[in-house]
Protein chains: 2
Amino acid sequence: MKRVTIRNVAELAKVDFSTVSRILNSSFENHKYAEATIKRVKEAADKLGYYPSAPARAIRTGKTMLLGLIVADIGNPFFSVIASHLDNIIRDSKYRLVISSTNENPLRQEEHIDSMLSHRVDGLIVAPCGDNGFEKAYKTGVPLVTIDRPLPESGLPFVGLDNIAAGRLLAEKLNNYGYKSIGVVIPDEENDLTIQSRLKGLRSGLKGIDISIQWIVKVPHTSIKRNKVKIVLAEKFKTINNFPDAMVGMTNVCTIGILEALGDLEYNLNISPGLAGIDDFTGAHIVRPSVSVVSQPLEKIAFESFSLLKEIMNSDTNTVKNSNIRIPPLWIERMSLPPRK
Amino acid sequence: MKRVTIRNVAELAKVDFSTVSRILNSSFENHKYAEATIKRVKEAADKLGYYPSAPARAIRTGKTMLLGLIVADIGNPFFSVIASHLDNIIRDSKYRLVISSTNENPLRQEEHIDSMLSHRVDGLIVAPCGDNGFEKAYKTGVPLVTIDRPLPESGLPFVGLDNIAAGRLLAEKLNNYGYKSIGVVIPDEENDLTIQSRLKGLRSGLKGIDISIQWIVKVPHTSIKRNKVKIVLAEKFKTINNFPDAMVGMTNVCTIGILEALGDLEYNLNISPGLAGIDDFTGAHIVRPSVSVVSQPLEKIAFESFSLLKEIMNSDTNTVKNSNIRIPPLWIERMSLPPRK
DNA sequence: CTGAAAGCGCTTACAG
DNA sequence: CTGAAAGCGCTTACAG
């Protein structure tokens with residue numbers, strides 16, 4: 001697969017290959033070419049089907065026009081929607097996205113960071129699972145921003161949901177709509193900062209308000225065994241005499257679990273508790289009742305992370321102070337948490 | 001951001017830079033290096049945080065280790081799940097994915113193909129929207145396979161669902177479960193080969209069987225205005241005296257529309273028609289009733305498209321004969337199409 | 001056991 | 001108005 005090069009074009013157009021380079025890049029600083037030459041070169045390039053080689057250019061200019069995106073799973077709508085927004089946002093700036101999934105495996109994360117470094121991406125956005133690989137990345141000086149999950153120890157620039165505000169927003173809705181008692185479902189991962197913050201926000205929002213947390217149950221949180229959540233909750237529900245006014249899930253996996261467990265109990269808003277959660281999920285609007293949620297503004301997260309990355313790319317250092325950007329959550333009103341009479 | 005090069009490593013290890021290259025690549029054909037040298041080089045590389053430059057290597061070897069994936073929208077679960085499987089499949093072969101979305105815009109598709117060509121991807125997988133850009137791509141000789149939607153005129157290698165078999169599978173289930181009359185919902189895009197094939201399969205499956213198609217309705221099919229589908233169907237339902245035994249959607253957008261329209265009618269399987277569709281969708285299993293569907297084996301599609309691409313990459317020509325690979329559909333039994341008594 | 005040299009496809013001072 | 005030359009960071013015959 002012999003590719004057409006700048007020399008082939010030069011030959012056909014009968015000019016020096018540096019002329020081709022300048023004409024095709026419109027870099028005419030001290031060079032004014034004759035219209036005829038320009039035309040000849042462009043036609044030759046067209047005729048041969050010439051595409052400038054990005055790798056060759058990269059080696060000279062130091063810019064690959066590639067941006068790396070490392071996430072847990074590009075098949076997960078949360079990440080793929082962010083990727084999609086990023087794709088739209090960077091389109092005009094001629095950047096392209098190299099995307100890899102870690103499957104929540106820190107070793108894979110390190111491999112992928114290494115690989116991105118080898119490919120000389122101009123910038124790197126990663127939703128971390130652990131801190132593997134970041135030190136090496138930092139050492140090279142690649143502009144780098146983390147998203148979704150902060151790595152507070154690292155001091156790395158971060159863009160993600162304001163989880164405390166998310167918890168508080170949930171409390172506010174519960175209060176406004178007249179709910180008096182709630183059950184809370186959380187993942188059983190102990191040290192999860194995200195969950196801690198959301199709970200903290202919820203509790204602080206509830207403070208001084210006449211709403212009681214009747215119980216908190218922890219559920220297994222592997223996306224592989226989603227069924228587990230429902231089973232654990234169904235067990236729990238058997239032991240409950242009277243249900244709280246509402247149940248809330250601190251992640252979408254939790255919320256879906258509640259929905260499924262209630263579904264088996266012939267879920268009906270007239271007799272069953274209200275339901276809401278943090279994090280939207282696909283299907284939330286087609287499910288009955290459709291589920292009201294505190295959601296992450298994914299487009300805003302994508303936008304802010306690219307903005308921050310650009311800022312770092314344009315600065316001479318690879319850190320930017322005060323770059324812990326927290327995006328305010330959004331309430332999506334659907335049917336599962338109606339105002340109470 | 002001065003990057004560490006092979007020369008820096010060579011300097012520190014006090015060897016020629018060609019020695020560094022060979023040691024780090026383990027290319028010891030006619031070169032046996034002293035253990036001590038090897039160790040010195042590796043340590044130097046480590047100490048400096050050296051990453052071989054993929055672009056520089058690409059310029060010599062002609063391989064970027066980059067694979068291009070162009071889809072309509074990476075935020076759409078259908079494509080993102082394929083991307084995710086591809087990511088897993090290629091991981092070990094050291095390839096990485098450059099991903100771009102066309103948003104169903106043929107001009108964008110062409111831009112993205114051009115861009116992939118510039119980046120010198122070693123192979124290209126695209127879910128086409130029109131044939132823009134393919135001729136140029138073909139001319140360069142990049143190994144190329146199309147997925148999801150065939151471009152029959154082009155003769156390009158293709159991997160995708162066997163749509164006729166999908167329609168037939170639906171008919172088979174309807175028959176096995178004792179349904180006698182159905183209503184069919186299809187997108188209003190006239191020349192869509194995919195839909196035509198599915199309908200053809202459905203009809204051929206129904207032939208000689210005691211099932212009648214009571215009506216076929218066309219609905220607008222823009223993913224932006226999903227609501228439209230429901231509205232059109234709700235209108236239709238008003239004009240129907242007695243419902244068919246079952247309704248089937250020829251795409252997931254159609255099926256979701258049916259579900260929503262029926263939902264407003266207090267959908268209840270005891271009194272309402274059965275429901276099934278072609279193409280799975282996120283939420284199909286949490287919805288009540290959960291929706292039985294004919295689905296596309298996405299992992300298989302990903303696997304086959306990479307296999308085919310590899311085959312083309314390893315051959316000297318960029319076409320492979322008989323490369324119209326049709327993947328058999330899969331029935332996912334859920335609750336919306338129970339056997340009738 | 002190791003090195004010196006050519007060259008991949010470009011960009012960009014420098015020169016005329 | 002245009003070209004000749006150096007060099008980006010590598011790999012790989014060729015030579016010793």
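Letters A, B, ... are given to chains in the order of the sequence lines, protein chains preceding strands, and every chain is numbered from 1.
- Closest to the side chain of B:Ile6, from the set D:dC8, D:dT11, C:dC10, is D:dT11.
- Across all strands shown, D:dG16 forms a Watson-Crick or G-U wobble pair, both distances under 3.5 Å, with C:dC1.
- Note: OH (A:Tyr33) to P (D:dC1) measures 12 Å, nearest angstrom.
- Taking atom CZ on A:Arg7 and atom C1' on C:dT11, their separation rounds to 12 Å, with Å as the unit.
- Remark: A:Tyr33 OH is packed, more than 12 non-hydrogen atoms of other residues, nucleotides or ligands lying under 6.0 Å away.
- With contacts defined as side-chain heavy-atom distances shorter than 4.5 Å, the pair A:Ile312/A:Leu144 does not qualify.
- Near DNA chain D, meaning a heavy atom under 4.0 Å away, the residues from residues 34-45 of chain A are A:Ala34, A:Thr37.
- Side-chain contact, A:Ser53 with A:Arg57: no donor N or O sits under 3.5 Å from an acceptor N or O.
- The CD1 atom of B:Ile59 sits 12 Å away from the P atom of D:dG9 (whole-angstrom rounding).
- Other residues, nucleotides and ligands contribute more than 12 heavy atoms inside 6.0 Å of the CD atom of A:Glu104.
- Under a cut-off of 6.0 angstrom, the local environment of NZ in A:Lys136 is crowded, with over 12 non-hydrogen atoms contributed by other residues, nucleotides or ligands.
- Within residues 11-26 of chain A, the residues that place at least one heavy atom under 4.0 Å from DNA chain C are, in residue-number order, A:Phe17, A:Ser18, A:Ser21, A:Arg22, A:Asn25.
- When rounded to the nearest whole Å, the span between NZ of B:Lys63 and P of C:dC8 equals 18 Å.
- A salt bridge does not link B:Lys47 to B:Glu43: none of the charged nitrogens lies less than 4.0 Å from a carboxylate oxygen.
- Taking only side-chain nitrogens and oxygens, A:Tyr50 comes nearer than 4.0 Å to OP1 or OP2 of C:dC10.
- In this entry the distance linking CZ of A:Arg60 with C1' of D:dG7 reads 6 Å, nearest Å.
- Each of A:Thr5, A:Val15, A:Thr37 was compared with A:Val20 under the side chain to side chain contact (heavy atoms under 4.5 Å, CB included) criterion, and only A:Val15 meets it.
- Looking only at side-chain heavy atoms (C-beta outward), A:Arg326 and A:Glu304 stay at 4.5 Å or farther from each other.
- If you take CE of A:Met65 and C1' of C:dC10, they are 16 Å apart, rounded to a whole angstrom.
- The NE2-P distance, from A:His119 to D:dC10, rounds to 14 Å in whole Å.
- With respect to the salt-bridge test (charged N to carboxylate O, under 4.0 angstrom), the residues A:Asp46 and A:Lys42 do not qualify.
- The distance from atom CZ of A:Arg57 to atom P of C:dC8 is 19 Å, rounded to the nearest whole Å.
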